[in-house]
Structures are given as C-alpha cells and as structure tokens.
Amino acid sequence: MPIKKISVPIQNAISGGAALKAALVLAERHHAYVSASHIRQLPVLPIEGHHPLGVVMMDDHIAELKKAADEQALALKEMVAVILTAAPALGGWSEREGLLPQDVSIDARVADMVIFAKCANAPAEDQSALIEEAIFQSGGPILVVPENAFDAPPQRIMIAWNGSREAARALSAALPLLKDASAVAIISFGASLSGAPDASAAAAFLKLHGVAAETRTKPRSERDGEHFLAEAAAWGADLAVMGAYSHPRWRQIVLGGFTRDMLKQSALPVMMAH
C-alpha cells in the first residue's frame, strides 16, 4: 500500500520538530500528507490529601494547568507552521484534549505511518511511553528516527526477520520504502519460528514486488540489539525494519528483548510493526 498519510504526534518542540522534518522528507518523495497532531493533556489532580482551601484552590490549580497547556499548544502550532513554510501543501495541524500516553495513537489509526524522533534533550516520557503506546494501539507501522539523521529517504535497509506475524506486518508496511532503496538485506538469527517462513521465503516475496534482497543468517545467540546494530553498521544500513514485541511485552520488560534494545538505541532509524 502506498504511503499517503503520515501521522506525527507532537508533544514537545525538540522531538516533535525532528519527527516532523523526517516526515516531510518521506512525504515529498511519496506525495503524502503529514498530519501533525497534539494532545493537550487534561489536568490530573490528586484525589487524596488535605486541601484547606477546598474547591477554590482546586479551581485555581485547574485554571493554571489549562493555561499552561494552551500556551504549550500555541507554541507547538507556531513551530509546526514555521517548519511547514517550506512545504505548506504537505501538512497540517490538529489539536484536542486527551490523556497521555493513551490518546496519542487515536489519530494514527487513520494513517499509513507514525513517526517519532528520539532526541537527547527531549522529555523522557516522549522517548518511551508514547512510542510503545503507538506500537500497540495505532494499528500501523511506527518509524523512530534519531535527531537530524533522516534528511533523505533511506537507501540501504536491513530487515530483521524471524518469520513472526509482527515481522510480516513490518515487511509489508515497508514495501514503499524498500522499492525506493538501492540495497536491501534480510538478516535472521537462528531458525525462524516453528513452521514459519524463513529469510529466503521473505526474499522471494520481495522479489515478486520488484525488490532484490540478500539474506544473511547469524547464530541464535546473537539475537539482540547489540549484534544487530553491529551488523547494520558494517553493512551500511540507514534504516532497520522489524516486528515489535513478537514475544509477550511483560517478558521483554522483565527479561529484556530485541524490541526494547532497539527502542533504547538512538543511532539507527527503525521501522516497527506489532
């Protein structure tokens, strides 16, 4: 399916601006529309504790929170307008009240792709909770890019393959990008899941779509973010494609896993699908 709408959730100027710039790079290449959306966080007040001034104090506090949220939304809207000056026909702005991180994925359900940026100086909550929520709740692929590292469409794409449904969804979602790439590699770590198609089957599928892909196999013991990133760097990849959380999320949180390794790193752009 072609890329015609890209969703960019924007909750702060640092990572939101970087993600929007990356989205415009892809939008220009694929003649797509970029939807920059912002959630104005609803005030969340403690239900316990002693409030001597009662309702008056609570109302004043709510008013202060709403004012701060309105000021932040206005500042972000102005930032988006500046970035879109170079390509006004490619994007637009929307905002509404909601709760984070739950509501960040609502608008993304009617988009072909969601883009986030991981930036060193951005608020920590935008680096993890929002991205993970989008992976599970948006229903589509998530592209996470480093700051200032996505100034052109990717040309060398490495796919992590284990035969899972998550990997299959990522593979299909990435087809528009794969068709544009100059080189594609599929890497697997050990055998695919029992009865699932292996890397050569994935390569044969891509060939039907006009994409030539080489395959690589590494030991199962090297199936982690560190080894994958090393392979990607040696091969010269500028984008990784992979399924996200093909093992239960609780297991990855407690024991660690490939998905969480890739979400922690900020060197290589990565496209994920669950």
Side-chain angles (χ1 to χ4, degrees), residues 2-41 69-98 100-101 103-135 137-154 173-174 176-177 180 238-240 263 266-273:
I3 299 172
K4 291 302 176 185
K5 183 179 179 183
I6 301 171
S7 176
V8 182
I10 296 182
Q11 294 305 127
N12 70 76
I14 300 173
S15 60
L20 182 58
K21 292 174 182 176
L24 289 176
V25 170
L26 293 182
E28 185 174 10
R29 174 64 186 88
H30 294 274
H31 308 289
Y33 177 81
V34 178
S35 174
S37 60
H38 173 67
I39 301 295
R40 282 184 283 110
Q41 176 84 321
D70 290 342
E71 290 174 349
Q72 181 192 37
L74 179 59
L76 293 175
K77 181 178 180 179
E78 292 173 347
M79 177 203 71
V80 168
V82 171
I83 294 176
L84 291 179
T85 299
L90 291 181
W93 166 265
S94 66
E95 62 180 86
R96 62 183 177 83
E97 288 189 335
L100 296 177
D103 287 346
V104 75
S105 302
I106 301 299
D107 297 332
R109 293 174 185 171
V110 285
D112 297 305
M113 180 187 298
V114 187
I115 298 184
F116 290 92
K118 291 197 69 175
C119 304
N121 296 321
E125 63 270 17
D126 287 353
Q127 305 293 296
S128 55
L130 298 185
I131 295 174
E132 288 198 358
E133 184 72 15
I135 288 173
Q137 301 298 334
S138 70
I142 308 300
L143 176 60
V144 184
V145 301
E147 188 174 10
N148 300 324
F150 205 77
D151 55 2
L177 303 182
D180 270 354
D238 54 10
L239 176 67
L263 287 175
S266 58
L268 181 67
V270 56
M271 183 176 179
M272 298 181 171

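The basis for the numbers below is simple: all heavy atoms, side chains too, and nothing from hydrogens, waters or symmetry mates.
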Non-hydrogen side-chain atoms of [X] and [Y] separated by less than 4.5 Å:
X      : Y      : answer
Leu239 : Leu268 : no
Val25  : Lys21  : no
Pro9   : Val114 : yes
Ile3   : Leu177 : yes
Pro269 : Pro154 : no
Gln72  : Arg40  : no
Leu143 : Phe150 : yes
Phe116 : Ile142 : yes

Calculate, to the nearest 0.5 Å, the distance between atoms [atom1] and [atom2] belonging to [X] and [Y] respectively.
X      : Y      : atom1 : atom2 : result
Ser105 : Ile135 : OG    : CD1   : 9.5 Å
Ile39  : Ile10  : CD1   : CD1   : 11.5 Å
Ile6   : Leu20  : CD1   : CG    : 10.0 Å
Ser37  : Leu76  : OG    : CG    : 11.0 Å
His38  : Leu74  : NE2   : CG    : 10.5 Å
Leu26  : Met113 : CG    : CE    : 6.0 Å

Okay, side chain of [X], backbone of [Y]: is any donor-acceptor separation there less than 3.5 Å?
X      : Y      : value
Asp112 : Lys4   : yes
Lys118 : Ser128 : no
Gln41  : Leu100 : yes
Tyr33  : Gly92  : yes
Thr85  : Val82  : yes

> With sequence neighbours excluded, what pairs up with Asp107 under the salt bridge (charged side-chain N to carboxylate O under 4.0 Å, His left out) test?
Replying inline: Arg96
>> Restricting to salt bridge (charged side-chain N to carboxylate O under 4.0 Å, His left out), what partner residues turn up for Glu147, sequence neighbours left out?
In response: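 In terms of salt bridge (charged side-chain N to carboxylate O under 4.0 Å, His left out), with neighbours along the sequence ignored, Glu147 is linked to no residue.
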If I compare all heavy atoms of [X] with all of [Y], which pair ends up nearest, and what's the gap?
X      : Y     : value
Glu95  : Ala73 : OE2-CB, 3.6 Å
Pro176 : Pro2  : CG-CA, 4.2 Å
Ile115 : Ala23 : CD1-CA, 3.6 Å
Ala117 : Ala18 : CB-CB, 3.6 Å
Leu24  : Val34 : CD2-CG2, 4.0 Å
Leu90  : Ala32 : CD2-O, 3.6 Å

> Is it true that atom NZ of Lys5 has more than 12 heavy atoms of other residues, nucleotides or ligands lying nearer than 6.0 Å?
Replying inline: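 Count over threshold, so yes.
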> So which pairs with a foot in residues 23-32 pass side chain to side chain donor-acceptor pair (under 3.5 Å), sequence neighbours left out?
Replying inline: Arg29-Asp180
